[in-house]
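Here is the structure we will look at, set down as structure tokens.
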Amino acid sequence: MRLSRLRGENNEGLLAGLIILLVLVMGVVEPGFLGPATFANVVRSLLVDLTFALGMLVVIVSGGIDVSFTAIAIFSGYGVIVLMNDLGADGTFWPFALAALTGAVLGSLNAAMVAGFRLPTLIVTLGTQGIVRGALIAFIGSQYLSNLPTGLETLARSDLFAITTGGGTARMTLLALPVALLCVLVALLLRSTMLGRSIYAIGGDVESARRVGIRVGRVQTFVYLFAGALAGFGGLMHVTLSRQANPYDLVGSELDVIAAVVIGGASIFGGRGSVLGTVLGVTLIALINNSLVLLGVPSAWQRLAVGLLVLLGVGLQALGQGRRKSTPILAEARS
Amino acid sequence: MPETAIVLRARGVRKTYGGVTALREADVDIRRGEVHCLAGENGSGKSTLIKIVSGVEQPDAGTITLDGHDVGRLTPTRAVELGIQVIHQDLSLFPNLSVAENIAMVARVASRRRLVSRRDAMALAKATTERLGVSLDLTERASNLPVAQRQLAAICRAFAHDAKVLFMDEPTTALTWREVDALLALVDTLRAEGLAVVFVSHKLEEVFRISDRVTVLRNGEVVHAGEVKDLDRPTLVRVMTGQDVTEDRDVTELPPDTRPVLATRGLGRRHEFADVSFSVRAGEVVGLTGLLGSGRTEIAEAIFGMRPADTGEILVDGEPVRVRSVHDAIRAGIAYVPGDRLTQGVFLGQSIRRNLIAGSIDRLISRTGRLRDKAVQRTVTTAVESLRIKTSDVAAPVRTLSGGNQQRVVLGKWLARSPRVLVLNSPTVGVDIGSKEGILQVLRDRARAGMGVLVISDDVPELVSVCHRVLVVRRGRVVDEIASARMSVQAVTDGLTG
Amino acid sequence: ACGSSADLRPDGGNSGGNSGAPADLRFVTVVKLTGVGWFNRMETGVKEFATETGIDATQTGADDAGPEKQVKIIQDLIPQRPTAIAVVPNSPESLEGVLKRARDAGIKVVTHEASDQKNTDADIEAFDNTAYGAHMMDELAKCMGESGKYANFVGHLTAKTHMEWAAGAQARAQEKFKNVTRVADPIESQENTGVAYDRTKELLTRNPDIKGIIGSAATDVAGIGRAVQEAGLQDKVCVMGTSIPSVSEKYFADGSIDKIFFWDPAVAGKAMLKIAQLLAEGKQVEEGTNLGLPGYESLKRFPGNPTTFHGNAWIDVDKSNAAEYKF
Amino acid sequence: MTGMQTVAGAALRNAHVSRLVALTLLLVVVFSALAPTVFPTALNFQSIAYSVPEIGLLALAMALTMITGGIDLSVVATANLAALTTAGLYIAAGGETATSPLLVVAFCAAALLVGMACGAVNGLLVSRVRVSPILATLATMQIFNGIAILWTDGKAQYGFPDTFLWLGDATIAYVPVVFLIFIGAALLIWHIVSRTGLGTRIVLVGANPVAARYSGVDERGVLMRTYLISGLLAGIAGIVIAAKSTSASPDYGGSYVLLAIVIAVLGGTDPFGGRGSVAGVVLAAIALQVLASGFNIMRLSPFLYQIAQGLILLVVMVVELRRGRLLERLRGLLSGRSG
Ligand SMILES: Nc1ncnc2c1ncn2[C@@H]1O[C@H](COP(=O)(O)OP(=O)(O)OP(=O)(O)O)[C@@H](O)[C@H]1O
Ligand SMILES: Nc1ncnc2c1ncn2[C@@H]1O[C@H](COP(=O)(O)OP(=O)(O)OP(=O)(O)O)[C@@H](O)[C@H]1O
Ligand SMILES: [Mg+2]
Ligand SMILES: [Mg+2]
């Protein structure tokens, strides 16, 4: 009983254990790995993916899947920079709000198709991905922009805190703050709001949700607008953190995010998943990538590792389903 | 009985699906504190009416008033807010959520609150179960509950929120005899609290036991509305079907030396059933009854290889056969009509033709795997004619057929193989009286032609009407056998409730 | 009846016309992908060539660098029967089949960045990779004061040209700058700025005394420069490498990036078309051919590959001349 | 030729297929009018016939798995692995000098076996381990691709003899051999889907897997075979790719996954399972290639084509799967405006 509690509702415990193991092994293999610098580096490298993963979590819990978020993200992030350059405008906060808004507007295309026409989400979002990316490069721009507005440049270099140790300075980027806040917000949304519970309900059984009076169309609309907004926000964060805007970025890296959410215990069939699991899943993938890079392993192994991890994650889930508790019928002969 | 105020009134409700008219100008009045029965054959429009007054479907014409006010365009949300509650036939629970949260969900939606907590859900669920006197593990996931408890959860959910009108669409089909009793008692309590309960059922006993008034639909039209006490059984059957139907025992005794076609010896499966030994002779119809959750479905599915037995053996025509899979069972000449027609029996969107050949593809292909067109045609035509499936086009999807005809298609799928043994699980559930008699007649005919038939059912009059013998299952074991000589409704009922 | 696709070739010279008069010629340049700075710059060259010569020369390309899209574009070009196709392949090997069909249909093929291409009439490279690597080392060593440790990034460990540049640089260091040593094997940036940035941070942590870093993919130096800048090591670490001005210019100001090298795609684009013109006029490209373009005044033939030539067309850019190159 | 007539007859009776025929003809007429000297030429149609097969084969594989309610996102990775197998074997056998026609047969068979092995992995995951097809094939896509990169160091492989390359280059009566291979494979799949017991079982499993199990359909076996056939088709696509491009590479065809889905859906495959038309998929593949060629010839931006492709996917899904809902919405809009 205690053990199963430790394991967590969505295997969170297992994941945490795996992460600790990986960190310890890396600490032994690569001295200097354990330290604030690595921590800050890993956090920095997972912020964008985590933001996307939160959006993906909400979509997956609602029973869908979204592969258009990278296109939406880079459209929003790049588009905002282009707009700021054209207007000669500068700012720190409002560009993010605008990027999120842009993302939500683009997400409404998914919302209309999924909520309005009840079409399969994978295929709808594949279509949206093509449209959004095509529109970005055909109509917004295709140039690599190396100069960001000053406000964003400054933000990119702002630290939440910096720790100087013998090995160098570990800088925790300021952008970790909004992402942490987002994690808390999404967790609250999913756990403690009617909207959040409706998302779980829809993911469990859409028809039942409709029948108890949950406005399925509205909830789904929210889900895809919200995922779009998070994608937009994450897109500008990617641009800011890398201090350059490249319209060819991000698209093609959907799997890492989907994999992280699935490894984090969310069920692809909907209705299950948690923010904690997602955070752990993103961390695990970031750590694996980081460790493999550190050990000089070619990037092809990363693909292989992520693919295998996904299979492992969903395989475990599938096996867990099979071993579901069944109520005994038989009155066994008492001995 | 004094006339109480009308809570819900539907006037001139019309609904067509494509070309099918499901409801035409239907009028219904539901009064406060009454139990109102909606009766009618399959496809007569009962469910459609419920869907319309609960906002799930929009009517093409007609008005609905609640407490005298026109409700306008109804959505499920609006209906819940107005106090209209439905327990759908499929329960509509959320498998991934806890029982407590399932129970609280309707009340949460209706309260329009934006913030919710687990604690509130638990408190509400506890209060509701206590009020109704049911015991449920509230922290368990709904998907982990047995069917009967899920039914209870669905009922609790409907009661957790203050409702004015409660619709129950065939709530007893998944329930056993004893659970039905408990449910009906509950309905009595609700009636006493002033709630209007609308009850859909094909089982006439229930209608007579519980209802105050009845509205009978036929082909989407209201053909009768009035007090139940003014009706007797034959009259009700006549209004429903437009004809007289008998339910008498019609069984031809077999010569004593008839050999068994199916026998089981010490069949068992861990945690489910044990020591199951019985036989079915050629030409015999054997009933297998027991409360839901007694293991009767598990026994049938073990014989069919769906969830194979761990111990014991199965004999067909006296020869032991290894049944490890459905394929093995079919090859041994065993066929099975499953209990849940919609999810296990038919392919709704596929043509009648494809449904009919689904069970005998292996026989309809040439050595190269090609389907033999003529053989397919022959199979389909034979099934449609011999089972009198009402359709003009076998290429039309099964979805377009009524429930009874859909069940005939499932039967036809297996009869096409002429199996040695036909196992049927609740073959007439959700089938109206006219079709039911037709289906039972098919079973008798096939038995007379030498097939062994095993019918799982808890519809006692049906068992009495068609079976040579009835076996009673309790907690995974066969505990009683009612032979032909002592067969009666009373005897079977006693065995069941034992 | 079996035959090859050439069966459909119109007989005689009424197709693209081999008369050599500029008005009859049509050249199409197919680039890796459209819209990016590098190939926009190449298009400038193509347009200049068209105005200068009066030849109908245009540029096209796909929306991403997928080889299959380039195959499709060239396949669709064949029925239009241009005189010549100039191609910058994403994957030279994947194009062999369709280039063969194009040549069978009587179209001249000129390639760039594809020194092993078989189905081409001529391949033109901006320079010899080993010499280019050596040149980068000369510049880096000068900046490092001819001693200290350096590291070399490549886009992928499997990227042939990047590995040749790195090998060229290393060979030059061993032969000429004995005190300049490489700290590790080439480091993979996965053509990703973020990865280059992370790896540089680790590199700086583990080798506090490092004095030079070379990048290979165009975005490498941006990631390296960012990490160096954040560590405040602009003046201690020399960052150089192959890149383009638009990517690196903002790091020039404070010395986070010291110098970049590239070849001008506009000139390379023109060079391909000049060769196409020579071929259309029935002339040959040979050792020493002068295309009349900076860096391509005297072409050299690659040893062992008679159709492949290179010029000497690298350009060094630092903050003093970055503004001259707008791409 | 009666077989061909049955195919054509059955195809034309299907309203969706006749709409696709009309669409393809319309596209041909429009582009012919816009580019009269280039588009309606034998060479251009031959060009299109060279382009269709690889994507058409992948779309058939995709459609087949979609009929069972699944999907195979790993088709392109599988095709590349199969192509690399042929390349690897030829390199080992002496490259361009290994001209024996027997080797063509042997090495193509090896490629098909590799394709089917990949299909078997997917089949096992989907039918035995019960991983959802989206995730299973998303993961195997990464894994197959990773294996291909590790195997080749990410480099394209070449060294095919002319006997093998003949497949990719030659024409028979002006029709490219690769196109004939595609049509042959399509006929085979059409036969399987609409004329065999397996085909009926595939459709039944897609329509209602539970009912299929209760009907004695060996669901696992059917899924396994479906993914095997999907892998086989991907293997054929791999051979076509290798023969056409004279090389094999781990990163070829990245854009084909989306395109194959677009074609399958445009061809009338229901992504929820239980319905699909092989003739539709073939026509959709041709129609989209005609569109792409038209865009290329008209020199429209490739990004516009990307947008068009996405829009076509969404519009076709709405019109084919949700026509009723669309009309309902439109009617609602109209009545809302007039009222
Ligand atoms: N807040 C909103 N913003 C944008 N669109 C919305 C919003 N709420 C609803 N819609 C659209 O209006 C339609 C009807 O909404 P509603 O909530 O009634 O849907 P439903 O009845 O639950 O589901 P359906 O419309 O699919 O039957 C939805 O399909 C949705 O696209
Ligand atoms: N969604 C639908 N699409 C098409 N026809 C439908 C649909 N729903 C119901 N019908 C048709 O409408 C008629 C009435 O169906 P309804 O479900 O109301 O019958 P019912 O009285 O509940 O029958 P049963 O006792 O079998 O449940 C039937 O002919 C049925 O086939
Ligand atoms: Mg009903
Ligand atoms: Mg019914």
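Treat the numbers as computed from the prediction; the structure is a model and nothing was measured. The figures here come from the full heavy-atom set of this structure, side chains too, leaving out hydrogens, waters and symmetry mates. Every chain is numbered from 1 and lettered A, B, ... according to where its sequence line falls, protein lines coming before strand lines.
- Counted by atom type alone, N90(C) and Q70(C) present one or more donor-acceptor pairs between their side chains at under 3.5 Å.
- Contacts of Y252(D) with chain C are made by both backbone and side-chain atoms, with heavy-atom separations under 4.5 Å.
- Ranked by heavy-atom pairs under 4.5 Å with chain C, the list S293(D), A156(D), G154(D), G254(D) is led by S293(D).
- The candidate with the highest count of non-hydrogen atom pairs below 4.5 Å against chain D, out of K69(C), Q75(C), E96(C), is Q75(C).
- Among I297(D), D251(D), T37(D), N296(D), the residue with the largest count of heavy-atom pairs under 4.5 Å with chain C is N296(D).
- With respect to chain D, the highest number of heavy-atom pairs below 4.5 Å among G66(C), A159(C), S94(C), P67(C) belongs to S94(C).
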Quiz prompt | Test log, rule side-chain contact (heavy atoms from CB on, under 4.5 Å), inputs S51(D) and K72(C) | solution = CA-CA 7 Å; S51(D) 297; K72(C) 171 90 179 113; 3.7 Å; yes
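- Residue contact with chain C, scored on non-hydrogen atoms closer than 4.5 Å, involves the backbone and the side chain of A292(D) alike.
- Counting only heavy atoms from C-beta outward, the side chains of F164(D) and C108(D) approach each other to under 4.5 Å.
- Remark: of the listed residues L81(D), V75(D), I143(D), L81(D) is the sole one forming a side chain to side chain contact (heavy atoms under 4.5 Å, CB included) with C118(D).
- With a 4.5 Å cut-off on non-hydrogen atoms, K160(C) does not touch chain D at all.
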Quiz prompt | Candidate pair N152(C) and Q170(C), rule side-chain contact (heavy atoms from CB on, under 4.5 Å), full reasoning | solution = CA-CA 9 Å; N152(C) 204 329; Q170(C) 175 67 354; over 6 Å; no
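- Neither side chain, T308(C) nor E125(C), offers a donor N or O lying under 3.5 Å from an acceptor on the other.
- Taking the centre and axis of the six-membered ring of F153(C), the NZ or CZ atom of R199(C) falls outside the cone set by 45° and 6.0 Å.
- Within the 4.5 angstrom heavy-atom criterion, only side-chain atoms of V71(C), from C-beta onward, approach chain D.
- Contact of T41(D) with chain C is made through the side chain alone, with heavy-atom distances under 4.5 Å.
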